[in-house]
2 protein chains.
Amino acid sequence: MVSIKDVATESGLSVATVSRALNGHPSVSDGARERVLAAVESLGYRPNVVARSLRTDRTGTIGLVISDVLNPYFTELARAVEEEARALGYSVIIGNADERADLEDHHVRGLLERRIDGLLVSPADGRSPMTLEAAAGPTPVVFVDRWIPGADAPVVRADGRDAIRDLVDHLHSLGHRRIAVITGPTATTTGRERIDAFREALAEHGIPLPEAYIGRGDFQAESGRLATERFLDLPEPPDVVFATDNLMALGALDAIAARGLRVPEDIGLAAFDDIPWFSHTDPPITTIAQPTAELGRVAVRALASLIAGEPTSSTVLPAHLVVRRSCGEPATPPQTDRAATGGAARE
Amino acid sequence: MVSIKDVATESGLSVATVSRALNGHPSVSDGARERVLAAVESLGYRPNVVARSLRTDRTGTIGLVISDVLNPYFTELARAVEEEARALGYSVIIGNADERADLEDHHVRGLLERRIDGLLVSPADGRSPMTLEAAAGPTPVVFVDRWIPGADAPVVRADGRDAIRDLVDHLHSLGHRRIAVITGPTATTTGRERIDAFREALAEHGIPLPEAYIGRGDFQAESGRLATERFLDLPEPPDVVFATDNLMALGALDAIAARGLRVPEDIGLAAFDDIPWFSHTDPPITTIAQPTAELGRVAVRALASLIAGEPTSSTVLPAHLVVRRSCGEPATPPQTDRAATGGAARE
DNA sequence: CTGAAAGCGCTTACAG
DNA sequence: CTGAAAGCGCTTACAG
């Protein structure tokens with residue numbers, strides 16, 4: 001590989017001058033700059049970022065550890081993060097924890113050893129010791145979507161509580177009284193928030209939530225399928241199921257279809273996280289939409305200010321209910337779908 | 001940050017011995033090893049991968065440049081790549097080209113400067129000069145899914161030609177004669193292969209493909225929507241539309257739904273790329289499934305052998321037709337959906 | 001405006 | 001089994 005030394009030789013200048021020319025340092029003569037550029041061109045020189053990073057102690061890279069890349073919610077988040085990071089001059093390295101604490105550990109450790117300038121993490125598990133250690137350490141950390149209570153790092157997330165209350169109002173107004181839920185891992189903040197808010201909203205309507213109507217899921221499709229099968233095996237199956245993320249809703253659809261049942265005639269379905277496909281499932285799915293891309297952008301900006309040593313605070317953005325047809329016909333006409341969600345993931 | 005020198009001081013050994021102990025070098029006494037580990041623990045030492053990479057000239061990292069992370073096909077591919085890479089001891093850095101040649105260039109250049117050990121790329125554009133340069137340069141390169149004809153690098157891809165012929169047979173047997181297609185960018189090999197194979201298969205049946213029935217798309221949802229709107233505006237709209245990737249099929253569904261039309265009664269729809277949602281759209285979508293995860297795994301193994309200096313060849317895997325209900329009722333009962341596709345993306 | 005030199009944190013022949 | 005030393009490719013005070 002051709003190094004800066006080769007460029008120096010070729011251009012008849014010192015490596016110091018070559019380095020300055022390449023980094024746009026003001027005190028380089030036009031002549032020197034031209035000779036450097038010519039040498040770079042003829043040699044096909046490509047600066048070694050590894051060496052530069054070692055010297056400058058910054059890599060121009062941020063890490064993003066998410067729980068599941070196959071989850072369209074996180075895919076959209078990751079994309080927004082990359083775009084905003086690129087705009088600010090950072091590259092991003094994504095680690096996929098696949099909802100596993102050990103993989104989360106693996107990626108956080110790897111990213112730290114790689115000397116990323118900052119870390120964005122949506123913890124798969126509130127108990128991952130490496131993530132806790134990272135938040136306490138010198139590398140700037142920002143939590144996005146999920147967080148670890150007590151850890152010393154800003155949090156950028158959506159609050160789904162109001163939207164969940166709206167959802168329960170909606171279900172109640174449609175006459176549903178036997179309402180089941182598929183939860184996420186209780187080790188995650190979003191998992192806990194969603195079940196807690198749901199339980200409270202049901203209580204406000206005096207609707208019970210028996211143990212049999214609670215399916216313990218893990219935010220992945222298979223768990224949604226299994227939980228739904230158990231609901232359907234009950235002597236008194238629920239009227240409607242609330243899957244607290246989009247993949248578990250997909251699993252629920254699988255289970256319902258496998259029995260030849262219809263949504264919403266045989267059983268209703270609501271979800272958390274809006275994704276483009278929910279407009280085109282049979283029937284379109286009523287769901288709670290998060291400002292996903294905005295979360296990603298805000299998180300990156302928060303991390304960038306942390307890296308710059310500026311004071312940085314947490315941000316909470318609202319989520320909102322998108323009524324479609326999967327819980328039955330609404331009393332009021334549904335809001336126009338396209339305006340509410342069509343652009344979000346495909347802008 | 002605590003460095004290897006601090007560990008040496010703390011343990012009363014030289015940095016050389018600390019380095020050997022940390023790297024599992026055989027000639028280190030048990031006593032020394034224990035003291036090193038104790039010092040690492042008490043100091044919270046984390047090796048600096050940047051420094052190691054500079055010294056060893058390998059980063060333990062491979063790059064993956066794909067055209068669109070929001071495309072579930074590429075998401076699944078990326079995930080398989082990461083899993084296989086991790087199994088082989090590599091990290092992967094993903095660059096999202098968003099179907100733009102300039103972004104592809106940006107990422108390939110960045111990855112090369114970062115001194116990745118090898119590069120996996122699915123070119124957004126056959127004319128990206130950086131990608132061509134990378135393929136010609138010293139860093140091992142493997143193309144996955146798409147490739148650049150003439151570039152000197154192995155290719156791991158699926159061949160969709162037979163499956164496309166099966167699809168056209170299927171459409172023909174259902175009585176469709178006015179058949180339209182939404183193509184991908186002709187700058188991509190997959191874009192060209194799909195339209196070419198489609199055209200040939202139509203010709204075998206003596207079915208014409210008028211210019212008005214060809215929508216030029218870019219593998220993204222919006223282009224599928226626009227192309228479909230134009231088809232629907234035609235004095236004689238097609239019986240059925242073949243969208244040559246899953247996102248353009250989503251866009252087509254958007255356009256069809258926006259006019260209050262039904263699939264397949266008013267217009268049929270077939271797609272390329274199977275994804276879990278296609279089982280649950282209204283109606284379930286007939287599509288061509290690629291062995292996506294396998295492509296990712298094979299590509300990583302090919303790249304790893306290239307890195308190891310072993311001879312490496314290209315691989316072509318077959319794609320196959322999955323008949324569902326979006327083109328009309330099949331003459332023969334549809335194959336069971338779950339076995340064919342359910343596991344692929346959610347294993 | 002330019003260059004010589006130190007040093008970032010590691011690894012690894014080389015010598016003992 | 002262990003250590004002193006060179007060197008990976010850069011950047012950046014320091015001196016001129």
Side-chain angles (χ1 to χ4, degrees), chain A residues 1-37 39-40 43-61 109-117 137-139, chain B residues 1-37 39-40 43-61 89 109-117 138-139:
Chain A
M1 272 270 167
V2 17
S3 83
I4 196 172
K5 216 181 289 184
D6 302 311
V7 178
T9 307
E10 174 79 8
S11 61
L13 292 159
S14 70
V15 294
T17 300
V18 173
S19 173
R20 288 193 196 96
L22 260 22
N23 290 299
H25 195 281
S27 63
V28 176
S29 68
D30 289 348
R33 198 180 312 277
E34 279 163 27
R35 280 150 67 200
V36 167
L37 262 26
V40 163
L43 261 29
Y45 170 68
R46 188 98 35 223
N48 184 330
V49 170
V50 173
R52 173 186 297 157
S53 295
L54 179 60
R55 187 47 232 251
T56 59
D57 202 33
R58 59 181 303 279
T59 53
T61 301
R109 186 190 325 273
L111 258 5
L112 255 25
E113 292 181 349
R114 225 166 259 278
R115 296 302 196 262
I116 48 163
D117 295 340
T139 303
Chain B
M1 272 269 170
V2 15
S3 84
I4 196 173
K5 214 181 289 184
D6 301 311
V7 177
T9 308
E10 174 79 9
S11 61
L13 291 159
S14 70
V15 294
T17 301
V18 172
S19 174
R20 289 192 195 95
L22 259 24
N23 289 301
H25 195 282
S27 63
V28 175
S29 68
D30 290 349
R33 197 180 312 275
E34 279 164 27
R35 279 151 65 200
V36 167
L37 263 26
V40 164
L43 260 28
Y45 170 69
R46 186 98 37 221
N48 185 330
V49 169
V50 173
R52 174 186 296 156
S53 295
L54 179 60
R55 186 49 232 249
T56 59
D57 202 34
R58 56 180 306 278
T59 53
T61 300
R109 185 191 323 273
L111 258 6
L112 254 25
E113 292 183 349
R114 227 166 258 280
R115 296 302 197 261
I116 48 164
D117 295 340
T139 304

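Chain naming here is simple, since letters A, B, ... match the order of the sequence lines and numbering starts at 1 in each. What you see below is based on every heavy atom in this structure, not just the backbone, and it leaves out hydrogens, waters and symmetry mates.
- Heavy atoms of other residues, nucleotides or ligands lying less than 6.0 angstrom from CG of A:Asp57 number 12 at most.
- For the OP1/OP2 pair of D:dG3 and a distance below 4.0 Å, the side-chain nitrogens and oxygens of B:Ser14 include at least one atom meeting the criterion.
- Nearest-nucleotide mapping onto DNA chain D: of B:Val18 and A:Pro47, the residue sitting toward the 5' end is B:Val18.
- Taking the side chain of A:Ser3 as heavy atoms from C-beta on, and the options C:dT11, D:dC10, C:dG9, the nearest nucleotide is D:dC10.
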Chi angles and distances behind the side-chain contact (heavy atoms from CB on, under 4.5 Å) call for B:Met1, A:Thr139: CA-CA 10 Å; B:Met1 272 269 170; A:Thr139 303; 4.2 Å; yes
Stepwise side-chain contact (heavy atoms from CB on, under 4.5 Å) test for B:Arg114 and B:Thr61: CA-CA 9 Å; B:Arg114 227 166 258 280; B:Thr61 300; over 6 Å; no
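- The base of C:dG3 is paired with the side chain of A:Arg20 by a donor and an acceptor separated by under 3.5 Å.
- Rounded to a whole Å, the CD1 atom of A:Ile4 is 11 Å from the P atom of D:dG9.
- Side-chain contact between B:Arg46 and A:Arg115 is present, with at least one heavy-atom pair separated by less than 4.5 Å.
- Rounded to an integer number of Å, the gap from CG of A:Asp6 to P of D:dC8 is 11 Å.
- Which of D:dT2, D:dT11, D:dC10 sits closest to the side chain of A:Asn48 comes down to D:dC10.
- The NZ atom of A:Lys5 sits 13 Å away from the C1' atom of C:dA4 (whole-angstrom rounding).
- B:Val18 is not listed as a side-chain neighbour of B:Val40, based on a closest heavy-atom distance of 4.5 Å or more.
- Every stem involving DNA chain C, taken as at least 3 paired positions in a row under the Watson-Crick or G-U wobble test at 3.5 Å, is listed here: C:1-3 with D:14-16, C:5-12 with D:5-12, C:14-16 with D:1-3.
- C:dC8 atom P lies 15 Å from atom CE of B:Met1, rounded to whole Å.
- With D:dC1, C:dT12, C:dC8 as the choices, the nucleotide that has an atom nearest any side-chain atom of B:Ser27 turns out to be D:dC1.
- For the OP1/OP2 pair of D:dT2 and a distance below 4.0 Å, the side-chain nitrogens and oxygens of B:Ser29 include at least one atom meeting the criterion.
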Verdict with reasoning, A:Ser19 to A:Ile4, per side-chain contact (heavy atoms from CB on, under 4.5 Å): CA-CA 8 Å; A:Ser19 173; A:Ile4 196 172; 3.8 Å; yes
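- When all heavy atoms are compared, the tightest approach of B:Val7 to B:Val36 is CG1-O, 4.2 Å.
- Looking at which nucleotide of DNA chain C each of B:Leu54 and B:Thr17 is closest to, the 5′-most match is held by B:Leu54.
- The nearest whole Å value for the distance from the CZ atom in B:Arg115 to the P atom in D:dG9 is 8 Å.
- Going from atom NE2 of A:His25 over to atom P of D:dT12 covers 8 Å, rounded to whole Å.
- The phosphate of D:dT12 (OP1 or OP2) has no side-chain N or O of A:Ser19 nearer than 4.0 angstrom.
- A donor-acceptor pair is defined here as one N or O able to donate and one able to accept, closer than 3.5 Å; such a pair exists between the side chain of B:Arg35 and the backbone of B:Ser11.
- Considering only side-chain atoms of A:Ala51, the nucleotide from D:dG9, D:dT2, C:dC10 that sits closest is D:dG9.
- Residue A:Asn23 places at least one side-chain N or O under 4.0 Å from the OP1 or OP2 atom of D:dT11.
- Only the C1' atoms considered, D:dG16 is 16 Å distant from D:dT12, to the nearest whole Å.
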